[in-house]
Amino acid sequence: GRSSIIWGNHYEANVTVNGGVYTSDDPFTLCGNNNVDGLTTFSIEGATINGNTSGIWLSYGAIETATITGCTVSANYPMYIATVQNATISDCRIDGTYSGIEIKAGDVDIENCIIHNERFLVDDSVGMSQTGGSEAPIAINNGYCNSAQVTSVDVTIENVTVTCDAEGYTPVVVTSYYESESAKNDSDISVTWEGASNSDVTFCPTQSASTLSVNGFVAVDTPERLAAAADNGSNVVFAADITASMTVDAEQIITMDLNGFTLNGGTTRSTPAIYNSGTLTIIDSSKDQSGVVQRSDVNAGSYYVIDNHGVLTIQGGTVTNNSGYPDQWQGSSLIRNIGTDADNNAVLNIMGGHIYQKNFIAVKNDDFGTLNVSGGLIEAGEAIGGNAGASAIQNWNIANITGGTVNGPVMTCVWEGSPDDTVYGDSRTIIGGTAEISGALEASYDTDHPSNTSRAYIEIQDGATVEVSSVY
């Protein structure tokens with residue numbers, strides 16, 4: 001027959017299976033119950049299940065608990081966990097064609113499993129349907145939250161090995177349904193996978209109002225979702241390229257994962273791609289480090305890509321722009337790091353990533369700014385075929401370069417403000433550790449104020465590699 005065992009059919013059922021070998025089109029189909037008090041439960045241990053269409057199919061009404069332990073399951077859809085409120089899948093071997101485990105509602109724990117799937121498909125066009133959709137070793141959506149009588153989907157993955165025959169796959173695909181009788185339009189989906197990268201999950205937020213997240217990072221794919229997450233102080237992971245300006249307020253502590261996508265600040269004057277007054281960390285979990293923060297400027301009329309007034313740490317991704325000209329000095333720095341006063345310094349930590357701009361300053365450490373470079377690649381000017389006057393780093397306060405590679409001039413400058421002749425104090429650039437610098441080193445002060453007693457200092461410590469083309 002089509003199914004070895006069918007239980008439930010919208011009535012209360014408590015099912016326990018121990019061992020055995022089950023082979024048919026759909027070996028286990030369990031229908032839940034939304035008609036009477038008391039919900040269905042399901043437990044199976046140590047079974048071998050060989051299905052054609054499905055292996056274990058749990059759907060059509062709320063199922064209170066499902067426990068699947070020590071089973072070997074193979075089918076086109078080995079485990080279809082559609083309307084279970086609380087499920088545990090542990091110590092199983094799962095082999096699928098379309099989706100190894102498909103989850104549509106409730107709390108699901110997947111532990112100590114091996115999952116193999118043949119196909120991988122990301123489909124974000126199925127929001128008005130309850131069938132079809134993405135295919136992956138673990139496919140998650142909120143398509144049956146109403147039927148399961150729950151308001152969210154929460155999946156925890158621990159010690160799971162995932163493989164797939166398809167190229168370019170991710171172990172998990174998360175899709176949010178909308179306009180479906182079985183789905184709640186605002187049912188949130190969260191995935192917690194200790195030790196996994198955010199890039200192991202592909203998100204399809206579609207048009208729903210749901211919040212999708214992995215390991216505490218909220219998936220964003222529109223300017224509106226990005227702004228809402230930043231306002232809430234949420235860590236964010238990009239699920240698409242976004243053209244917008246992101247603002248981080250003073251009280252916020254946020255990590256932004258580019259995840260291989262681009263944040264583009266556009267070309268609006270005086271509007272950076274990122275304005276940070278809080279504490280912001282930029283990472284890029286993509287395997288090829290293809291995430292980018294940029295504006296779309298060409299030559300003049302440009303602005304900072306990142307304007308930092310708080311604490312900014314760059315650990316990955318690329319920051320770039322096309323400000324300035326190859327043959328004249330006009331443009332905007334790529335990153336500005338500027339504090340308010342001596343008691344309110346801005347801090348810029350560069351630990352990784354690629355920061356470059358051909359025809360104007362790449363990193364400007366401005367008044368009351370502290371710059372710490374311990375990794376990454378910073379490039380500007382002639383070294384990358386651009387304007388000879390463009391500095392990789394221009395320091396007006398305190399810069400500590402202890403690692404990474406700087407390819408282009410490093411300038412250390414000091415000045416007094418007009419008209420009140422504010423004294424900003426000495427500027428110092430300390431180069432040491434494992435830093436590698438290739439380019440001119442320059443120390444200068446503002447000759448418009450000859451009474452200025454502040455000076456610019458450059459200190460090179462043991463360990464650093466400095467190939468100086470000229471010293472000023």
Side-chain angles (χ1 to χ4, degrees), residues 281-284 287-293 305-306 308 311-321 323-324 326 331 333-337 345-366 369-414 426-445 455-472:
T281 301
I282 300 173
I283 66 174
D284 181 14
K287 293 179 174 60
D288 59 357
Q289 289 288 287
S290 54
V292 178
V293 182
V305 171
I306 300 177
N308 181 54
V311 178
L312 172 65
T313 301
I314 300 174
Q315 296 181 351
T318 295
V319 183
T320 189
N321 198 16
S323 179
S333 302
L334 185 61
I335 301 175
R336 177 175 71 162
N337 184 53
N345 276 16
V347 179
L348 171 58
N349 303 308
I350 299 175
M351 303 172 65
H354 186 194
I355 300 166
Y356 74 96
Q357 180 163 254
K358 291 177 64 175
N359 295 318
F360 212 77
I361 303 162
V363 177
K364 183 181 182 182
N365 188 49
D366 217 327
T370 298
L371 170 65
N372 301 308
V373 180
S374 60
L377 173 61
I378 304 171
E379 297 183 292
E382 225 173 9
I384 53 174
N387 191 309
S391 303
I393 295 174
Q394 189 180 93
N395 174 38
W396 295 84
N397 194 37
I398 303 297
N400 302 295
I401 307 172
T402 60
T405 301
V406 180
N407 194 9
V410 176
M411 296 182 63
T412 306
C413 311
V414 67
D426 296 340
S427 296
R428 294 181 180 274
T429 298
I430 301 173
I431 303 169
T434 60
E436 298 182 3
I437 297 179
S438 176
L441 297 180
E442 179 177 344
S444 65
Y445 72 98
R455 292 293 181 266
Y457 297 92
I458 299 174
E459 178 183 341
I460 302 174
Q461 299 177 341
D462 290 343
T465 302
V466 181
E467 297 181 5
V468 181
S469 59
S470 56
V471 177
Y472 299 94

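At distances below 3.5 Å, at least one donor-acceptor pair connects side-chain atoms of Asn337 with backbone N or O atoms of Thr370. Panel note: side chain Gln315, backbone Gly353; no donor-acceptor pair is recorded below 3.5 Å. For the pair Asp284 (side chain) and Thr318 (backbone), a donor-acceptor distance under 3.5 Å is absent. Checked by atom type and distance alone, the side chain of Thr412 never pairs as donor or acceptor with a backbone atom of Ala456 at under 3.5 Å.
Applying the side chain to side chain contact (heavy atoms under 4.5 Å, CB included) rule to Thr434 yields no partners; only residues at least two apart in sequence or on another chain are considered.
A distance of 5.0 Å separates CD1 of Ile458 from CG of Leu441, quoted to the nearest 0.5 Å. Once rounded to the nearest 0.5 Å, the distance linking CD1 of Ile355 with CG of Leu334 reads 7.0 Å. Atom CD1 of Ile401 and atom CG of Leu371 lie 6.5 Å apart (nearest 0.5 Å).
Considering every non-hydrogen atom in both Ser323 and Asn359, the closest pair reads O-CB, 3.5 Å. The two residues Ser333 and Phe360 come nearest to each other via the heavy atoms N-CD2, 3.6 Å. Closest non-hydrogen pair, Asn407 versus Ala392, comes out as O-CB, 4.2 Å. When all heavy atoms are compared, the tightest approach of Ile398 to Asn365 is O-ND2, 3.0 Å.
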